[in-house]
There are 2 protein chains.
Amino acid sequence: MTEGQPSAALPTGLRERKKRRTRDALLVAALELFTAHGYEETTVDEIADAVEVSQRTFFRYFPGKEAAVFAVQDMVESHFLSELRQRPADEAPFEAMRRAVLCAWDSIGQTVEAIIPVELHMRAYRMIESTPSLLAAHLRRGIVLENRITELIAGREGLDPARDPRPRVAVAAFSGVMRAAGQLWGQRGDGGMESLRALTETHLDALAPALSERWRTP
Amino acid sequence: MTEGQPSAALPTGLRERKKRRTRDALLVAALELFTAHGYEETTVDEIADAVEVSQRTFFRYFPGKEAAVFAVQDMVESHFLSELRQRPADEAPFEAMRRAVLCAWDSIGQTVEAIIPVELHMRAYRMIESTPSLLAAHLRRGIVLENRITELIAGREGLDPARDPRPRVAVAAFSGVMRAAGQLWGQRGDGGMESLRALTETHLDALAPALSERWRTP
DNA sequence: AGTCAACTGTCAGTGGCTGACACTAGTCTC
DNA sequence: GAGACTAGTGTCAGCCACTGACAGTTGACT
């Protein structure tokens, strides 16, 4: 069920350890090949060959080619969610979301590094943004996440998201802005985590003022 | 180039007319089959058979199975864009977008009906929202549209979207909220265009107040 | 009427993905 | 420690979306 995290708990037996190794190997090989030659250009056979397993085995670890790309993303997201759950109840919803992302980024580093180099993950993220089919999948995953956030926020505030549009609307706006920042970061080839963080803060800050007023003569 | 609109101008020769007929036939057959048996469950062969052409021909009219689903969406979007371009320059950006959607919906009806029954189009929209792979494609298309809107809005206001985050942010928020409304409309099985319209207005109105303030005791 | 070009069908092939079945290798029991 | 059990794997066969190449047909234009 918790298939998102590729190797969270310690392995018990030899069998488990072997499984974890193959999975991690497949994951790294896939990302390496994807980022080197392109996602569409890389075949599942090539990934399987690189790890010396059969193609069928790849599909036993990952439901599809796509899933390998988003395995790490899964970890980051669940990190964000738990961070959001821990936010003090008296914070305004938008502020809570804003702080949760930033805190999540502060604390995720090592966990990711245990499985793949962070630098590879960042290359992977840029690939997602620039590969149409992956971008599509990324966005759909975003929606699923949005829905979970909406539930969370509505719960915090004691509202029914089916009746009151505000949780949904706030989350949608938040996610939209986050995505815009991510896109921009991906387009500018430069920059590491710090620049992404700065960009995110700028964008989130710009939202409220941008909505109601006219912008002429900034 | 303007391949989005399936039969905009009048057909000149017999050849043109024939082409248009096959294309429209493929489009209707595809949507009919998709909405009846499900998108994933319908094969391209079945669509081609229904129109009595070869599978290869289908792929000559549509770059992929997906494209058939979004052919009508393409029309609606370009309608929205031209509506937005016509908005008076003194309207605030967010307001201009809001009015452009509503005006576009007022005037699109007949154009769509010329090709497929509106009712079929609405079934198709619900299918998109409830079919993961289509939702993904839908969202990616949304991004492309967002980028074009951003250009437009930035142009209106005489800003460079690469320097000033406000156009991007406002459009992202707008699109996010629009999508949330669409999703909700799709989930509630009921309702036609009017209920979608009402839902959209409610959601857009809720945005600005939802951001900065606390919501307890509404 | 005849040439040209557009449109279409057929065929063969690739790549993602799945079910079925047999085989190998940890694991657990006695 | 040997044998039974079963999770994990490889192999094979097949479906479906999609593509390139080639040949046949049918509007269009002189």
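Below, read A as the first sequence line, B as the second, and so on, with proteins coming before strands; counting in each chain starts at 1.
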* Side-chain N or O of Y61(A) less than 4.0 angstrom from OP1 or OP2 on dT9(D)? ->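 Yes.
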Starting from [atom2] on [N], measure out to [atom1] on [X] and report it in whole angstrom.
{"X": "E16(A)", "N": "dT9(D)", "atom1": "CD", "atom2": "P", "value": "11 Å"}
{"X": "R21(A)", "N": "dT9(D)", "atom1": "CZ", "atom2": "P", "value": "11 Å"}
{"X": "E52(B)", "N": "dC7(C)", "atom1": "CD", "atom2": "C1'", "value": "17 Å"}
{"X": "D49(A)", "N": "dG15(C)", "atom1": "CG", "atom2": "P", "value": "12 Å"}
{"X": "I47(A)", "N": "dG15(C)", "atom1": "CD1", "atom2": "C1'", "value": "12 Å"}

* Out of R123(A), H121(A), E129(A), which residue meets the side-chain hydrogen bond (donor to acceptor under 3.5 Å, both in side chains) rule with Y125(A)? -> E129(A)
* Any side-chain heavy-atom pair from L134(B) and F34(B) closer than 4.5 angstrom? ->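 SC-SC contact between L134(B) and F34(B) ruled out.
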* Heavy atoms from other residues, nucleotides or ligands near CD of E52(A) exceed 12 (cutoff 6.0 Å) ->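 Count not over threshold, so no.
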* To do: Decide if atom CZ of R148(A) counts as having more than 12 heavy atoms of other residues, nucleotides or ligands within a radius under 6.0 Å.
  => no
* Structure fact -> R15(B) has its side chain closest, among dG8(D), dT10(C), dT26(D), to dT26(D)
* Asked: Where the side chain of K18(A) is defined as all heavy atoms beyond and including C-beta, which of dT9(D), dT8(C), dG26(C) is the nearest nucleotide?
  ->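 Within the option list, the nearest is dG26(C).
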* To do: Would you confirm whether T35(A), through its side chain, and E32(A), through its main-chain N or O, come within 3.5 Å as a donor-acceptor pair?
  => yes
* **Working for side chain to side chain contact (heavy atoms under 4.5 Å, CB included), residues V101(B) and R197(B)** => CA-CA 9 Å; V101(B) 223; R197(B) 190 194 175 90; over 6 Å; no
* Structure fact -> Counting primed atoms, P, OP1 and OP2 as sugar-phosphate and everything else as base, the B/S/- map of nucleotides 14-20 of chain D against protein heavy atoms under 4.0 Å is --SSBBB
